[in-house]
Trainee: 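Can you keep this structure in mind? I'll have questions shortly.
Residue numbering restarts at 1 for every chain, and letters A, B, ... go by the order of the sequence lines. What's counted below: heavy atoms across the whole structure, side chains too, no hydrogens, waters or symmetry copies.
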Amino acid sequence: MTHATCRQGARLLMDYMEGVLARPMRLAVDRHVAMCRLCRGFVRSYAATPRILRAATRSRMPAQVSRNLRVRLEKELK
Amino acid sequence: MLARRASSGDTEAFETLVARYEARVYSLSRRLTGDDGDAEEALQDTFVRVHRKLGSFRGEARFSTWLFRVATNCALMVRRREKRHQAESLEEYLPRFDHDGRHARDVDHGEAARADEVLDRRRLVKEAGRALHRLPRLYRVAFVLRDLEEMPTQQVAKVLRVSEAAVRQRVHRARLMLRGYLSHLVGVEP
């Protein structure tokens, strides 16, 4: 049976979440995380990071930017 | 196909492409440059370049993949010209482990998941922008495309012309650093 440490689990998290980890290693990570309180917190914060950064860096294109783009394209592409 | 019509001089087709993709290109440029003015410049450069090079677009890749490659390059060029974004790396926020491979600190590693509840929204926006630009460029670009613009890993690999494994590795390193930085912001050392 394959065993995983916190360090190995952290190293493999992306592959684990993308579903590309080989089955024995995936099961080893599952087993480790089920037993390790620190890793459960780690996985929670790792998974939340993209969502938090995405929301914090979201921007809407101002209408003026869109108008300026058309002015530049008209000028450049004549 | 719209891109093919645009490449043969169909102005209406090109305008449709601009209308369809401008907001996404702006969003990507804004995240990559971290500045409103730079994002606008990159957006304009992208569509000027796309129009000029449409003739060389062979249709082997999806148009959007080619467009986002051009957009990424334009955004990075704008930033390079500015040369004002030198910042310390986020390496120090990578997780630490003891010699047995266990977490070095017995702290609540899940706290960073609450950063958006704990921190004032304005501070979080400011810190998120700063943190993104403290990532090594390779990691930042992959993270922005994959996690912020939510492109599938396969498409990011095509945009960046690297393997999917390389994309996963870069995004992973970025997530680890940013996770650690969020931990630090909420008062827990990673």
Trainee: Under 4.5 Å from any heavy atom of chain B, what part of Ala56(A) do you find: side chain, backbone, both or neither?
Mentor: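 Ala56(A) touches chain B through backbone and side-chain heavy atoms alike.
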Trainee: Hey, are Arg26(A) and Asp15(A) close enough for a salt bridge, meaning a charged N less than 4.0 Å from a carboxylate O?
Mentor: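 Salt bridge absent between Arg26(A) and Asp15(A).
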Trainee: For the residue pair Thr33(B) and Glu41(B), confirm or rule out a side-chain donor-acceptor distance under 3.5 Å.
Mentor: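 Note: Thr33(B) and Glu41(B) side chains miss the donor-acceptor criterion.
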Trainee: Report which part of Asp108(B) has an atom under 4.5 Å of a heavy atom belonging to chain A: side chain, backbone, both, or neither.
Mentor: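 For Asp108(B), side-chain heavy atoms alone lie under 4.5 Å from chain A.
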Trainee: Quick test of your reading of the model: are Arg72(A) and Asp45(B) salt-bridged, counting only N-O distances below 4.0 Å?
Mentor: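 Salt bridge present between Arg72(A) and Asp45(B).
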Trainee: Does any backbone or side-chain atom of Val43(A) lie under 4.5 Å from a heavy atom of chain B? Answer side chain, backbone, both or neither.
Mentor: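 Val43(A) has no heavy atom closer than 4.5 Å to chain B.
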Trainee: According to side chain to side chain contact (heavy atoms under 4.5 Å, CB included), who are the partners of Arg60(A), at least two apart in sequence or on a separate chain?
Mentor: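 Side chain to side chain contact (heavy atoms under 4.5 Å, CB included) check on Arg60(A) returns nothing, list empty.
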Trainee: Mark yes when over 12 heavy atoms from residues, nucleotides or ligands other than Gln154(B) sit less than 6.0 Å from its CD; otherwise mark no.
Mentor: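 Incorrect, the count does not exceed 12.
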Trainee: Sub-4.5 Å heavy-atom contacts with chain A: which residues of residues 168-187 of chain B show up?
Mentor: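 Listed by number: Arg168(B), Val171(B), His172(B), Arg175(B), Leu176(B), Leu178(B), Arg179(B), Leu182(B).
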Trainee: What pairs with Pro62(A) under side chain to side chain contact (heavy atoms under 4.5 Å, CB included), at least two apart in sequence or on another chain?
Mentor: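 Expected list: Val65(A), Tyr26(B).
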Trainee: Students often mix this up, so state it plainly: with edges at 30° and 60°, are the rings of Phe63(B) and Trp66(B) parallel, tilted or perpendicular?
Mentor: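 Ring orientation of Phe63(B) relative to Trp66(B): tilted.
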Trainee: Looking at Arg96(B), His103(B), Glu127(B), Glu40(B), which makes the most heavy-atom pairs under 4.5 Å with chain A?
Mentor: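 The candidate making the most pairs under 4.5 Å is His103(B).
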Trainee: Among Asp116(B), Leu124(B), Val144(B), who wins on heavy-atom pairs under 4.5 Å with chain A?
Mentor: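 Max contact count across the listed options: Asp116(B).
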Trainee: Side chain, backbone, both or neither: which part of Val107(B) has an atom under 4.5 Å from a heavy atom of chain A?
Mentor: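 Answer is backbone: N, CA, C or O of Val107(B) sit under 4.5 Å from chain A.
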Trainee: Using heavy atoms and a sub-4.5 Å threshold, report which of residues 2-17 of chain B line up against chain A, by residue number.
Mentor: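 Within residues 2-17 of chain B, the residues under 4.5 Å from chain A are Phe14(B).
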Trainee: For side chain to side chain contact (heavy atoms under 4.5 Å, CB included), just list the numbers for Phe47(B) and Val25(B), CA-CA rounded to whole Å, side-chain angles, deciding distance to a tenth of an Å, and then say yes or no.
Mentor: CA-CA 9 Å; Phe47(B) 282 106; Val25(B) 171; 4.1 Å; yes
Trainee: Ignoring hydrogens and angles, state whether a donor on the side chain of Arg69(B) or Thr65(B) is under 3.5 Å from an acceptor on the partner side chain.
Mentor: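 No donor-acceptor contact under 3.5 Å links the two side chains.
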Trainee: Atom CD of residue position Glu117(B) - does it have more than 12 heavy atoms of other residues, nucleotides or ligands inside 6.0 Å?
Mentor: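 Yes.
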Trainee: If you count heavy-atom pairs within less than 4.5 Å of chain B, which of Leu53(A), Thr49(A), Leu38(A) leads?
Mentor: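 Result: the option with the highest number of such pairs is Leu38(A).
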Trainee: Just by modelled atom types, is the Val141(B) backbone N or O under 3.5 Å from a matching donor or acceptor in the Arg31(B) side chain?
Mentor: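 No: the side chain of Arg31(B) does not pair with the backbone of Val141(B).
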Trainee: For chain B, find which of Arg40(A), Met17(A), Arg11(A) contributes the most heavy-atom pairs closer than 4.5 angstrom.
Mentor: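 Top count of heavy-atom pairs under 4.5 Å with chain B: Arg11(A).
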Trainee: With chain A as the partner, which of Glu149(B), Glu150(B), Arg102(B) has the greatest number of non-hydrogen pairs under 4.5 Å?
Mentor: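 With the most close heavy-atom pairs to chain A, the winner is Glu150(B).
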Trainee: Which answer fits Asp36(B), side chain, backbone, both or neither, if we ask what part of it has an atom under 4.5 Å from a heavy atom of chain A?
Mentor: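 When you check distances to chain A, no heavy atom of Asp36(B) falls under 4.5 Å.
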Trainee: What residue in Pro95(B), Ala39(B), Ala115(B), Gly101(B) has the most heavy-atom pairs under 4.5 Å with chain A?
Mentor: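 It is Gly101(B).
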Trainee: Start with the C-alpha distance between Leu73(A) and Val48(B), add both sets of side-chain angles, then the distance that settles side chain to side chain contact (heavy atoms under 4.5 Å, CB included), and finish with yes or no.
Mentor: CA-CA 6 Å; Leu73(A) 289 174; Val48(B) 168; 3.9 Å; yes
Trainee: Taking atom types as modelled and ignoring hydrogens, do the side chains of Gln64(A) and Arg67(A) form a donor-acceptor contact shorter than 3.5 angstrom?
Mentor: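 Yes, Arg67(A) and Gln64(A) have a side-chain donor paired with an acceptor closer than 3.5 Å.
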Trainee: Taking every heavy-atom pair that is under 4.5 Å apart, which of Glu164(B), Arg105(B), Arg121(B) has the most such pairs with chain A?
Mentor: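 Max contact count across the listed options: Arg121(B).
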Trainee: Are any side-chain N or O atoms of Thr72(B) and backbone N or O atoms of Phe68(B), one a donor and one an acceptor, separated by less than 3.5 Å?
Mentor: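 Pair found, side chain donor or acceptor close to backbone of Phe68(B).
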Trainee: Which heavy atom in Ala75(B) sits nearest to a heavy atom in Ala42(B), and how many Å separate them?
Mentor: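 The pair with the smallest heavy-atom distance is CA-CB, 3.8 Å.
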